[in-house]
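Quick caveat: nothing in here was measured; it's all calculated off a predicted structure. Proteins get letters first, then strands, A, B, ... in listed order; numbering begins at 1 in each.
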Number of protein chains: 2
Amino acid sequence: MNIGEIARRSGVSRSTVSYALSGKRSVSEATRQRIQAVIDELGYRPNAAARALKEGRTRTLGLVVPPPRRRLTPAQLEFVAGVVEATDRADLDLLLSPSGDDHDRSFERIVGGRRVDGVILMEIRLDDTRVRRLQGLRLPFVTIGRTARPQGMSWVDVDYAALIGRCVDHLADLGHRHIALVNRSAELLASGHGPAHRAKEGFADAVTRRGVEGVEVGCADDVAAGEACVQGILSAHPEVTAIATINEAALPGVQRALESAGLDVPGRFSIAGVTARHRAEQFHPQLTAADVPAVDMGATAVDFLVERITEPDAPPRRHLFVPPISLRNSTGPVPAPR
Amino acid sequence: MNIGEIARRSGVSRSTVSYALSGKRSVSEATRQRIQAVIDELGYRPNAAARALKEGRTRTLGLVVPPPRRRLTPAQLEFVAGVVEATDRADLDLLLSPSGDDHDRSFERIVGGRRVDGVILMEIRLDDTRVRRLQGLRLPFVTIGRTARPQGMSWVDVDYAALIGRCVDHLADLGHRHIALVNRSAELLASGHGPAHRAKEGFADAVTRRGVEGVEVGCADDVAAGEACVQGILSAHPEVTAIATINEAALPGVQRALESAGLDVPGRFSIAGVTARHRAEQFHPQLTAADVPAVDMGATAVDFLVERITEPDAPPRRHLFVPPISLRNSTGPVPAPR
DNA sequence: TTGTAAGCGTTATCAA
DNA sequence: TTGATAACGCTTACAA
């Protein structure tokens, strides 16, 4: 079933069928209807590969996701959801590439084989080899998160530094003088993970600015690590009365550790963070947090990417999201010292 | 950058380059190395669209997912993860199509435009229009879940009827005589949702077989519905001492309702279900449940699909998973009547 | 208003 | 061992 067959059965040339479909040339109403009838009868749809070959574009976007072996965080899931929806709204298709490190086969296939018109990258390192590869190929791309030198690229990101600063401000305003930062893991930090670095910096700045004591601890992205991490803080730094965190995956463990230590939240201990709304609401009690607008961010990334594809010479676009902190029930005044 | 350019620079014909790459014809070691050097230098990769056009296959699978507007359940997420990983292992690409209902634009693009060599469908209805469309197109597909008449098709599924039966058995063995089934929503049931139907049937069978009282209630896929649903059961049927459920998304609400009713689990109330392991372990106390092996199921679906693509005449494959019930801490002997 | 034909980048057949 | 060439299905410039 191809365009030639449709042409034959409608008694016209292939170009007329093509033009009837695209509307790029006027076709008499009579023949247009005849062609349409044949198309409907046979259920014809143009072959995407042939069209891509001829037009030099695939009408497809690529989304590079972290390998799903290790469960994605709620915010990551919402990035994906936002990208999926926005791509669909733009009538484009979406190719998924699970690629953690560089030189991933699937990444190379998609990107080198020109299977997509542009790529959305998430989980960006401060120095990211995939970014450099894409720049070398001159393939349009947008990052969710940003490198250390994001000039000249299109990206969306959350201002982790500012948000962690606001968490510290909020806690300090409530009288807390000893605050711990539960960051992402030390490995991630060492590998140049942007949010981990920027949270660390924002925390250090805020702590000096407010003249309070800060402890920063790394924590892997899982429940057990969260529990162990908080236990560690409580025993090594018993003076700490509040936590600020960007580690979504650890939150259930954090909660568990606080519960088993018998520390009532927010009566005896406070916690504030940066996380997807869903996670904040699942926390017990509900978590005071800056809600990462991840669905919006995914959709915005798609918008930016479409713009880079259709107008390669337009200046790059960027958006740094700074969502407000939603006051919920996990923060309260510092308890009177015993 | 195309094969002609590589040929020119290597001083050979395009066919020689093609054969050097595919190995389908012997090429002298000397020229092979010369060609490879040029390829490496220029970073050439064959254009996927041209290859797809010529070969008549895309090396791409399609995965039709429920629109992510409404958060996917843990089991659905694990299906996707399993499919993503297995597709990657098979060196194939994966095109994502968010399509709930029929006549979805993205579904039609992927399937009608022959963008994929085969399709994996999830959230199957007992009578599913997408399945019929795929059969009409003679496009290979595999379903996660199955229709009312799954003969002649390849599928993987979980035996919800049997598993809910086992939950009832387990609860009845513990002395419970009044058991409620928290099913998926009435709308889903009405629309012919397989698991909802099969859970309902399995529950009805088991309840008669064991001579206990059964109450079946529909419940939407969210926390609030779960809470309301359990409150309804407790007030309308105060004699109920145990719940069996397949509704993952409602579980946090179920837990909340039980807690606020002051019903200790498993001391005063028991609950068993069918859900992803992750969800079972998140429940408090950890949930006695048949753990849906969703990652395996996704991977198996990919295996079946690849087989249907490469050997269209081989008999269809199917696998009905019946995972054992993992005894955790949410079920106990029926409490003595007050 | 419509038709003819070139060309997109591959692979594979037929010749040499 | 290698090269020339047709063909995959489409879009579009050029003719009529």
Q.
Give the residues of residues 16-26 of chain B touching DNA chain D, defined as any heavy atom closer than 4.0 Å, sorted by residue number.
A. B:T16, B:R25, B:S26

Q. Salt bridge or not for A:D127 and A:R132, using N-O below 4.0 Å?
A. yes

Q.
Any non-hydrogen side-chain atom of A:R57 less than 4.5 Å from a side-chain atom of A:R59?
A. yes

Q: Find the distance A:R14:CZ to D:dC8:P and express it as a whole number of Å.
A: 10 Å

(Q) How many whole angstroms separate atom CG of B:L53 from atom P of D:dA6? (A) 17 Å

Q: Determine the contact category for B:S15: base if any of its heavy atoms lies under 4.0 Å from a base atom, sugar-phosphate if only primed atoms, P, OP1 or OP2 are that close, otherwise nothing.
A: base

**Q.** Sugar-phosphate, base or nothing in reach of B:G11, heavy atoms under 4.0 Å
**A.** sugar-phosphate

Q) Between A:R105 and A:E108, is there a side-chain N and carboxylate O pair less than 4.0 Å apart? A) no

Q | Donor-acceptor side-chain pairing of A:S15 and A:S18 below 3.5 angstrom | A | no

Q) Rounding to a whole Å, what distance do you find between A:I3:CD1 and D:dG9:C1'? A) 8 Å

Q.
Below 4.0 Å from chain B heavy atoms, what is the first contacting nucleotide of DNA chain C and what is the last?
A. C:dG9 to C:dC14

Q. With side chains defined as the heavy atoms from C-beta onward, is the minimum distance between B:E78 and B:V292 less than 4.5 Å?
A. no

Q: Please examine the side chains of A:W155 and A:L320, heavy atoms only from C-beta on, and report whether any two atoms are closer than 4.5 Å.
A: yes

Q. Atom CD1 of A:I6 and atom P of D:dG9: how far apart are they, to the nearest Å?
A. 13 Å

(Q) Show every ring pair (Phe, Tyr, Trp, His ring centres under 6.0 Å) that has at least one partner inside residues 297-319 of chain B, sequence neighbours left out. (A) B:H319-B:F321

Q) Can you list every salt bridge (Lys or Arg N to Asp or Glu O under 4.0 Å) pair that touches residues 110-122 of chain A, not counting sequence neighbours? A) A:R115-B:D93

Q) Looking at B:D104 and B:R130, does any basic side-chain N land under 4.0 Å from a carboxylate oxygen? A) no

Q) Which of residues 31-48 of chain A sit near DNA chain D, with a heavy atom under 4.0 Å from it? A) A:Y44, A:P46, A:N47

(Q) From C-beta outward on B:K54, which listed nucleotide comes closest to its side chain: D:dG3, D:dT11, D:dA7? (A) D:dA7

Q: Taking side chain to side chain donor-acceptor pair (under 3.5 Å) as the test, write out the residues that go with B:R45, two or more places apart.
A: none

**Q.** Heavy-atom side-chain proximity of B:L95 to B:L61 below 4.5 angstrom
**A.** no

**Q.** Which residue lies more 5' along DNA chain D, comparing A:R51 with B:E55 via nearest heavy atoms
**A.** B:E55

Q | Rounded distance in Å - CZ (A:R57) to P (D:dT11) | A | 11 Å

